[in-house]
There are 2 protein chains.
Amino acid sequence: MTQPPPDSALRDRRILLVEDDPTVAEVARNYLRSAGFLVDEVTDGFQTIDSVTAVRPDLVVLDRKLPGIDGTEVCRRLRTFTDVPVLMLTALSATEDRIDGLESGADDYLTKPFSPRELVLRVRSILKRTVDESTPEAPFALGPFRLDASARKVSRGGDPLELSAREFDLLAFFLKHPNQVFDRETLLRSVWGWEVGDLSTITVTVRRLREKIEGDPSHATFLTTVWGAGYRFDVEEADAESAAEGVR
Amino acid sequence: MTQPPPDSALRDRRILLVEDDPTVAEVARNYLRSAGFLVDEVTDGFQTIDSVTAVRPDLVVLDRKLPGIDGTEVCRRLRTFTDVPVLMLTALSATEDRIDGLESGADDYLTKPFSPRELVLRVRSILKRTVDESTPEAPFALGPFRLDASARKVSRGGDPLELSAREFDLLAFFLKHPNQVFDRETLLRSVWGWEVGDLSTITVTVRRLREKIEGDPSHATFLTTVWGAGYRFDVEEADAESAAEGVR
DNA sequence: CCGCTTTGTCCGCGTTTCGTAAGGATTCGA
DNA sequence: TCGAATCCTTACGAAACGCGGACAAAGCGG
């Protein structure tokens with residue numbers, strides 16, 4: 001857990017830093033550069049739009065409070081013509097603010113004062129996501145289930161399952177981590193990507209998922225409830241072994 | 001009842017405590033230990049680097065003011081070869097200081113004098129973020145028992161045991177620390193995560209646990225009472241040995 | 001622009017859990 | 001053997017927990 005091989009796949013990625021406070025900008029720039037990223041800098045919203053069009057960065061780090069147009073508005077406008085990931089910086093940690101940020105189309109969110117280390121970690125994690133999506137994962141089977149992550153298809157016993165996006169993500173997560181209990185908070189972070197949120201969201205999605213993958217949803221045999229701890233995807237040990245091959 | 005839930009997934013994580021003031025170190029060590037962490041200690045920067053390399057702790061608690069090289073510098077150097085989370089301790093609460101600390105790569109920050117309880121909370125929260133999808137704990141056997149902590153499953157002689165959350169946590173604790181006496185207060189802190197509380201809580205939970213794991217609960221052979229001292233989980237040395245293999 | 005689906009939130013209900021208290025049993029020392 | 005300290009046992013009830021149903025907002029495709 002402690003030793004992250006400097007991800008060569010992530011090196012030399014181009015990052016556009018939008019920040020009007022010179023001090024903050026300097027710190028962020030230095031850290032991102034020493035993490036191996038190429039950093040461009042602008043200080044207001046209009047330059048941002050221009051720069052994104054011209055330079056096509058791999059990610060935008062966007063201050064929420066900007067001279068001229070607001071960060072959320074910038075983000076919204078970016079979204080009209082590009083899918084470039086946006087990491088939003090904000091002074092406030094209020095939930096409302098966070099919601100606003102994500103609503104405007106940001107991919108992640110960081111509250112000031114932030115640790116530059118955290119910034120780098122987040123940037124890496126976002127980029128990794130987008131990289132991972134482009135590198136196809138090999139399909140694998142576990143128990144009666146077969147997951148083709150890159151095609152976003154799952155089947156049970158040969159019959160394809162019709163899952164919604166969230167249901168698919170959740171099932172995929174469990175298939176990749178069988179026989180392990182996850183509490184709702186962890187699921188919220190790992191599958192939803194939220195740092196905080198209503199835990200009943202998980203309860204409900206689990207229920208909906210069960211209705212589609214379990215014979216009798218009220219007596220789950222795969223996605224079981226572990227009282228007071230969370231949920232676990234149960235699979236025979238033998239199956240789990242053979243499945244683990246596929247994961248690696 | 002009043003305290004945070006004991007987090008079995010975080011238990012037994014290795015923490016390196018870097019602090020030159022023996023008084024502070026002692027308090028911190030005791031609290032971290034009774035929260036279920038394994039604590040190593042060093043008192044200066046060079047030892048820190050060495051120890052991190054050698055022991056690979058899961059987290060470093062680092063005093064900012066150290067003899068020899070300064071804490072921020074130590075942190076910076078750590079960052080050149082590892083991403084181990086760092087929690088920085090400092091005497092000053094000045095914002096500038098905080099910024100410095102975070103810039104050097106610390107994950108969080110705690111100003112002295114701090115409450116040991118706060119320390120434990122911070123440590124937990126940092127680990128929780130980083131642990132998440134990390135490697136699940138390997139299952140192991142001890143005597144007739146088999147514990148799979150990440151699946152939250154235990155069995156005795158092959159038969160799965162149906163335990164409640166608390167019962168599981170308690171048994172897991174004893175399985176990880178066999179042939180060792182624990183008084184009720186320690187159990188309350190380590191398993192329940194409480195600083196204060198009614199000790200009869202343990203008595204009752206032990207009794208409930210015994211009913212499920214002992215052939216004859218009133219003549220316990222595994223979870224035995226040590227009069228005037230606490231409880232101990234008895235297992236043949238030979239079994240304990242073989243069990244230790246599994247742990248490694 | 002309008003339906004349909006997805007998805008998050010809320011509420012009420014039944015179940016399980018777990019702390020607490022109180023009385024009985026056991027151990028230990030004198 | 002007696003008394004005090006310690007531990008066991010039992011029972012109760014509040015609180016926690018998970019579940020299903022329903023609803024509304026947002027997203028999506030036509």
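Just so it is clear, the model here is predicted, and its values are computed rather than measured. Just so it is clear: chains get the letters A, B, ... in the order the sequence lines come, proteins before strands, and each one is counted from 1.
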Q.
On DNA chain C, does the nearest nucleotide to A/Gly197 precede the nearest nucleotide to A/Lys212 from the 5' side, or the other way round? Give the residue.
A.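 Looking at the nearest nucleotide for each, A/Lys212 comes out on the 5' side.
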Q | 5' priority, DNA chain C, between A/Thr201 and B/Ala165 [closest heavy atom] | A |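 The residue closer to the strand's 5' end, by nearest nucleotide, is A/Thr201.
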Q: Look up atom CD in B/Glu185 and atom CG in B/Leu199, then write down how far apart they are to the nearest 0.5 Å.
A: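 Going from CD on B/Glu185 over to CG on B/Leu199, the span is 6.0 Å.
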Q. Taking atom CD1 of A/Ile15 and atom CG of A/Leu32, what is their separation to the nearest 0.5 Å?
A.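 A/Ile15 atom CD1 to A/Leu32 atom CG measures 5.0 Å (nearest 0.5 Å).
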Q: Quick one, give me the B/S/- string for nucleotides 4-14 of chain D, reading 5' to 3', where B means a protein heavy atom under 4.0 Å from the base and S means that only happens at the primed atoms, P, OP1 or OP2.
A: -BSSBBBB---
Q: Could you check whether the rings of B/Phe182 and B/Phe174 sit parallel, tilted or perpendicular, using 30° and 60° as the cut-offs?
A: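 Ring orientation, 0 to 90° scale: perpendicular.
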What is the distance, rounded to the nearest whole Å, between atom [atom1] of [X] and atom [atom2] of [N]?
| X | N | atom1 | atom2 | result |
| --- | --- | --- | --- | --- |
| B/Leu209 | C/dC18 | CG | P | 12 Å |
| A/Leu163 | C/dT5 | CG | P | 16 Å |
| A/Asp198 | C/dC11 | CG | C1' | 12 Å |
| B/Trp192 | C/dT17 | CH2 | P | 15 Å |
| B/Arg152 | C/dT17 | CZ | C1' | 13 Å |
| A/Arg232 | D/dG18 | CZ | C1' | 16 Å |
| A/Ile202 | D/dG20 | CD1 | C1' | 17 Å |
| A/Trp194 | C/dT9 | CH2 | P | 5 Å |

Q: Take A/Arg184 and A/Asp198 through the test salt bridge (charged side-chain N to carboxylate O under 4.0 Å, His left out) and record every step on the way to the result.
A: CA-CA 9 Å; A/Arg184 292 176 165 72; A/Asp198 188 346; over 6 Å; no
**Q.** Which residues share a side-chain hydrogen bond (donor to acceptor under 3.5 Å, both in side chains) with B/Thr225, sequence neighbours left out
**A.**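 B/Thr225: side-chain hydrogen bond (donor to acceptor under 3.5 Å, both in side chains) contacts with B/Arg210.
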Q | Test item: side-chain donor near acceptor, A/Asp183 and A/Thr186, under 3.5 Å | A |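 Side-chain D/A pair, A/Asp183 to A/Thr186: present.
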Q. Should A/Arg166 be listed as having a side-chain N or O under 4.0 Å from OP1 or OP2 of C/dG8?
A.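 Looking at the OP1 and OP2 atoms of C/dG8, one of them is under 4.0 Å from a side-chain N or O of A/Arg166.
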Q: Ignoring backbone atoms, test whether A/Ser164 places a side-chain nitrogen or oxygen under 4.0 Å from the OP1 or OP2 oxygen of C/dT5.
A: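 False: A/Ser164 side-chain N/O out of range (4.0 Å or more) of C/dT5 OP1/OP2.
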Q. Do A/Val60 and A/Leu87 have side chains that get closer than 4.5 Å, going by heavy atoms?
A.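 No, their side chains stay 4.5 Å or more apart.
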